[in-house]
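Chain naming here is simple, since letters A, B, ... match the order of the sequence lines and numbering starts at 1 in each.
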Amino acid sequence: MSEEITITIDDRQIKTRRGEKLLWAALENDIYIPHLCAIKEEKRPNASCRLCFVEIEGVSRPVTACSREVEEGMAVKTRTPRVDRLVKTGFELLLSDHNLNCRECPANRNCALQVIAKKRRLKLKHNRFKPIEREYELDQSPAEFAFDRSRCVLCGQCIWADRVEAEVGAIGFTNRGIDRVVTTFNNLPLADSICTECKLCVEACPVGALYYKEGQKA
Amino acid sequence: MKKVGKTDPQKLYEDIREQAREWSQSRQEKPRVLVGTATCGLAAGALQVKEDFMREIEAKGLDAEVIEVGCIGHCYAEPLAIIAKPGFPPVCYGYLDEGLVHRLVEDFLAGDDPSYEYAMAALERNDEFPTFEDFPRGVYEEKLILEHCGHIDFGKIESYISRDGYSALAKALSGDPGRVLEEVKAANLRGRGGAGFPAGKKWESCLENGEAEKYIICNADEGDPGAFMDRSVLESDPHLVLEGMILCAYAVGARQGYLYIRAEYPRAVKHVREALEQAREKGFLGNSILGTDFSFDLEIFQGSGAFICGEATALVNSMEGKMGMPESRPPRLVQEGFRGKPTVLNNVKTFAYVPLIINRGADWFKETGTAESPGTAVFSLVGKVNNTGLVEVPMGTTLRQLIEEVGDGLPNGRQFKAVQIGGPSGGCLPESSLDVPIDFDSLHEAGAIMGSGGLVVMDQDDCMVAVARYFLEFTQHESCGKCTFCRLGTKHMLDILTGITRGEGDAETLELLKELGEDVRDGSLCNLGRTAPNPVLTTLRYFYDEYKAHIEEGRCPALVCRDLILYYIKPSKCSKLCNVCVGSCPTEAIYTRDDGLKAIDQDKCVKCDNCRKACPTEYDAVIRLSPPVLPAEKERKAK
């Protein structure tokens with residue numbers, strides 16, 4: 001696994017290890033690729049946010065960098081018209097299901113969506129797609145934090161923190177399709193579930209869905 | 001293969017076949033009535049027909065046997081039965097009812113008149129009556145995996161064995177497992193689940209993996225609206241699929257396999273379960289198959305009917321007790337599949353070809369079909385076509401031949417508009433594409449996919465926008481929600497399409513729909529999302545004017561989209577003396593005017609179409625208008 005190999009990203013030669021995923025090879029070398037759901041320790045990547053697209057020479061379609069292993073001599077481009085188009089559409093789709101009232105969001109200026117918008121010069125507003133009309137549940141039951149689903153991007157970082165880091169297993173994905181949400185078993189408020197309120201999920205949330213209540217931030 | 005003891009699998013098999021043939025011979029000595037009781041037949045009333053036959057035969061005191069068989073293929077003429085009486089060619093009868101059954105028993109079984117005036121065709125060449133091969137459909141059809149469907153008794157393994165069933169297994173077991181793989185590779189058998197990936201290559205990757213534990217899974221999660229090929233094969237000829245799976249297991253060295261059958265197919269589950277028991281009894285399945293040291297067993301896993309579970313990784317997840325959701329690939333299933341072990345997953349039909357290829361050879365298989373797509377294609381032909389049913393034609397047959405010759409064209413002079421191939425993942429092709437040969441690559445080029453074989457014919461009364469919307473509603477509903485493009489992209493596509501069916505939007509809306517469709521295709525995680533936009537993209541490509549009519553003129557050319565039509569009773573055609581439409585209206589929207597003519601109160605009308613259907617054909621006074629604008633009327637002024 002530790003064998004060193006050389007790949008080219010955006011005309012820059014970088015050294016990385018065989019078996020490494022392209023996304024982490026790029027990020028470790030300060031080459032930015034947008035991402036929300038990727039977790040380095042996860043053996044089989046989630047590959048669900050669909051934002052880390054890159055083009056690889058000799059591969060006909062853009063691929064997700066989180067799921068692609070590096071190969072010796074691989075030539076990668078992080079910015080091509082096709083990549084930019086997919087990232088823009090994916091980003092706008094996420095925004096169509098996201099509460100865009102950034103000024104009132106606790107994650108304002110500390111939000112992965114804002115980073116993507118800034119790095120890729122994308123607008124943080126509803127553009128081509130109408131906002132999806134639905135009721136979002138707000139769970140304020142824990143003592144120190146809350147969960148606002150109107151800001152959740154379904155990246156799964158909180159579930160990883162809950163299950164693997166905290167080893168609790170209080171939350172998970174439920175429902176199918178457009179109704180997919182992160183919730184507890186039987187959709188109980190967090191305080192009524194087996195949640196230990198360890199707050200690792202709050203730390204893991206890249207946006208403002210899981211956030212510290214006012215004055216509670218450690 | 002090393003033998004256990006001195007038994008030779010070939011010899012052992014021949015003894016079993018001899019017994020089966022004796023049983024079959026004795027059965028053929030008296031008259032038999034074979035009633036098609038696959039799900040298609042049952043829906044048309046086959047069980048009643050079976051009971052009628054039994055009652056009539058008993059009443060006449062005849063010595064004849066009534067046997068349930070699977071799908072005979074001519075679904076348009078269900079209920080169907082074949083009567084095989086010694087001294088006559090077996091004859092197939094369709095559109096059976098109590099009266100016809102009574103007559104057939106009296107005249108044919110009790111008497112000696114085959115009542116050819118009611119017969120569809122004979123099944124063997126003879127001097128008296130034409131066979132199915134003498135009709136256009138028979139000329140184009142070539143039945144390989146459907147050969148025995150509807151002819152053998154699915155409940156009796158002897159029926160399969162007496163027709164050389166399991167002989168491919170005996171042949172394979174007498175030789176090296178590598179020969180099975182070589183034959184399948186040489187035949188260039190491509191997976192019939194839709195994508196057309198070479199089965200031999202898949203098996204080889206699994207074999208080369210080196211892990212001791214391996215699995216074989218048969219994908220029978222068929223879920224496309226309008227498709228029923230896999231169900232029919234499993235119901236009608238289950239042993240063919242089992243034999244194919246056992247051969248695959250022998251080739252790759254697996255000891256355990258599963259059939260993933262959706263629970264909505266209870267009859268398929270039942271027939272396969274019975275077939276498994278009988279195969280075990282005869283020694284074709286279980287420990288030491290046919291006396292060799294090769295052991296393999298099969299189990300049924302019932303899927304709960306989520307469309308996404310037909311996707312390989314989602315199927316495996318659901319078998320492992322997880323949510324039926326796809327994973328990113330690689331690793332592929334042949335590397336890391338069920339329980340993390342190398343797994344071969346193939347479609348029902350793919351496995352069904354294997355015994356034939358082993359028995360008759362790769363060269364024989366390649367004689368049929370095209371160089372790149374050898375063999376046949378099995379379709380469930382449905383929609384606006386005379387002869388709906390289960391058909392099998394050589395690859396390379398054109399869509400036109402399939403629809404006009406095999407399907408006998410559209411009913412009473414209807415105008416062909418489009419053919420939908422491959423279900424919700426496929427595309428709609430127009431008249432100009434009808435000469436496209438049916439094979440994996442040609443269909444892909446035209447924008448459709450082979451899919452698993454659903455084929456729906458549409459005519460001038462089908463609105464292509466509504467059709468695209470229908471399929472997208474299906475995929476949006478079946479989306480698992482894991483990835484951004486499929487979860488949100490299909491939702492927005494559906495919203496845009498729904499708007500278009502209401503006349504909302506402009507040229508930019510259509511451009512956005514196209515762009516979003518292409519991005520969902522390129523950006524989604526699994527093949528459900530990647531193929532979901534196909535019905536939209538192909539209709540935009542081939543029927544753009546129809547989309548334009550909706551948004552620019554507020555007009556639905558096929559008079560389907562409810563928001564863009566209104567119902568109107570033509571005063572010049574309405575008979576004042578008839579009240580049928582008034583009675584048919586569920587909302588009391590139809591009233592009698594002062595001049596005695598009928599008219600519709602548009603505020604009350606719910607556009608249910610009852611009045612148009614009810615209006616006697618000699619008047620045909622109820623019409624639909626699109627855009628929904630009432631014409632100016634002279635008669636009204638007289639009021």
Task: Proximal component of Glu508(B), with respect to chain A [non-hydrogen, under 4.5 Å] - done: neither
- [ ] Could you tell me which of Met325(B), Lys491(B), Lys482(B) has the largest number of non-hydrogen atom pairs under 4.5 Å with chain A?
- [x] Lys482(B)
Open item on the list: Counting only non-hydrogen atoms closer than 4.5 Å, does Thr490(B) touch chain A with its backbone (N, CA, C, O), its side chain (CB onward), both, or neither?
Closed with: neither
Open item on the list: Do His492(B) and Ser96(A) have side chains that approach each other closer than 4.5 Å (heavy atoms only, starting at C-beta)?
Closed with: yes
- [ ] Inspect the surroundings of CD in Glu372(B) and state if more than 12 heavy atoms from other residues, nucleotides or ligands are less than 6.0 Å away.
- [x] no
Task: Heavy-atom side-chain proximity of Leu86(A) to Phe485(B) below 4.5 angstrom - done: yes
Open item on the list: So Arg44(A) and Pro331(B), do their side chains get closer than 4.5 Å, heavy atoms only?
Closed with: yes
Open item on the list: Taking side chain as everything from C-beta outward and backbone as N, CA, C, O, which of these in Thr313(B) sits under 4.5 Å from a heavy atom of chain A? Side chain, backbone, both or neither.
Closed with: side chain
Task: Whether over 12 other heavy atoms sit under 6.0 Å from Phe185(A) CZ - done: no
Open item on the list: I'd like to know which of His477(B), Gln476(B), Arg329(B), Glu478(B) tops the heavy-atom pair count under 4.5 Å against chain A.
Closed with: Glu478(B)
Open item on the list: Between Arg50(A) (side chain only) and Gly523(B) (backbone N and O only), is there a donor and an acceptor less than 3.5 Å apart?
Closed with: yes
Open item on the list: Is Leu512(B) in contact with chain A via its backbone, its side chain, both, or neither, using a 4.5 Å heavy-atom distance?
Closed with: side chain
Open item on the list: Run Thr484(B) and Phe91(A) through side-chain contact (heavy atoms from CB on, under 4.5 Å) and show every step you take.
Closed with: CA-CA 9 Å; Thr484(B) 306; Phe91(A) 189 70; over 6 Å; no
TODO: Identify which part of Ile308(B) has an atom lying under 4.5 Å from any heavy atom of chain A, answering side chain, backbone, both or neither.
DONE: side chain
Open item on the list: What part of Val153(A) gets within 4.5 angstrom of chain B, counting heavy atoms only: side chain, backbone, both, or neither?
Closed with: backbone
Open item on the list: For the CZ atom on Arg134(A), are there more than 12 heavy atoms of other groups (residues, nucleotides or ligands in this structure) within a distance under 6.0 Å?
Closed with: yes
Open item on the list: In the structure I gave you, are the side-chain heavy atoms of Leu93(A) and Leu516(B) within less than 4.5 Å of one another anywhere?
Closed with: yes
Open item on the list: Looking at Arg487(B) and Gly177(A), would you say the former's side chain and the latter's main chain have a donor-acceptor pair under 3.5 Å?
Closed with: no
Task: Asp519(B)/Arg85(A) salt bridge by N-O under 4.0 Å criterion - done: yes
- [ ] Pick one of side chain, backbone, both or neither for Asp179(A), based on which atoms fall under 4.5 Å of a heavy atom in chain B.
- [x] neither
TODO: Go through the atoms of Thr64(A) and report whether side chain, backbone, both or neither lie under 4.5 Å from a heavy atom of chain B.
DONE: neither
- [ ] Verify the neighbour count for atom CD of Glu57(A): are there more than 12 heavy atoms of other residues, nucleotides or ligands below 6.0 Å?
- [x] no
- [ ] Heavy atoms only, distances under 4.5 angstrom: which of Arg61(A), Arg176(A), Arg68(A), Arg128(A) has the most pairs with chain B? Name it, please.
- [x] Arg176(A)
TODO: Would you mind telling me which of Cys486(B), Ser479(B), Gly324(B) has the largest number of heavy-atom pairs within less than 4.5 Å of chain A?
DONE: Ser479(B)
Task: Nearest-0.5 Å distance, CG of residue Leu488(B) to CG of residue Leu154(A) - done: 8.0 Å
- [ ] Against chain B, work out which of Asp97(A), Leu51(A), Leu94(A) has the most heavy-atom pairs shorter than 4.5 Å and name it.
- [x] Leu94(A)
Task: Close side-chain approach of Phe129(A) to Asp495(B), heavy-atom, < 4.5 Å - done: no
Open item on the list: Any salt bridge linking Glu336(B) with Lys43(A)? Criterion: basic side-chain nitrogen under 4.0 Å from a carboxylate oxygen.
Closed with: yes
Open item on the list: Distance check, rounded to the nearest 0.5 Å: Ser67(A) atom OG versus Glu327(B) atom CD?
Closed with: 11.5 Å
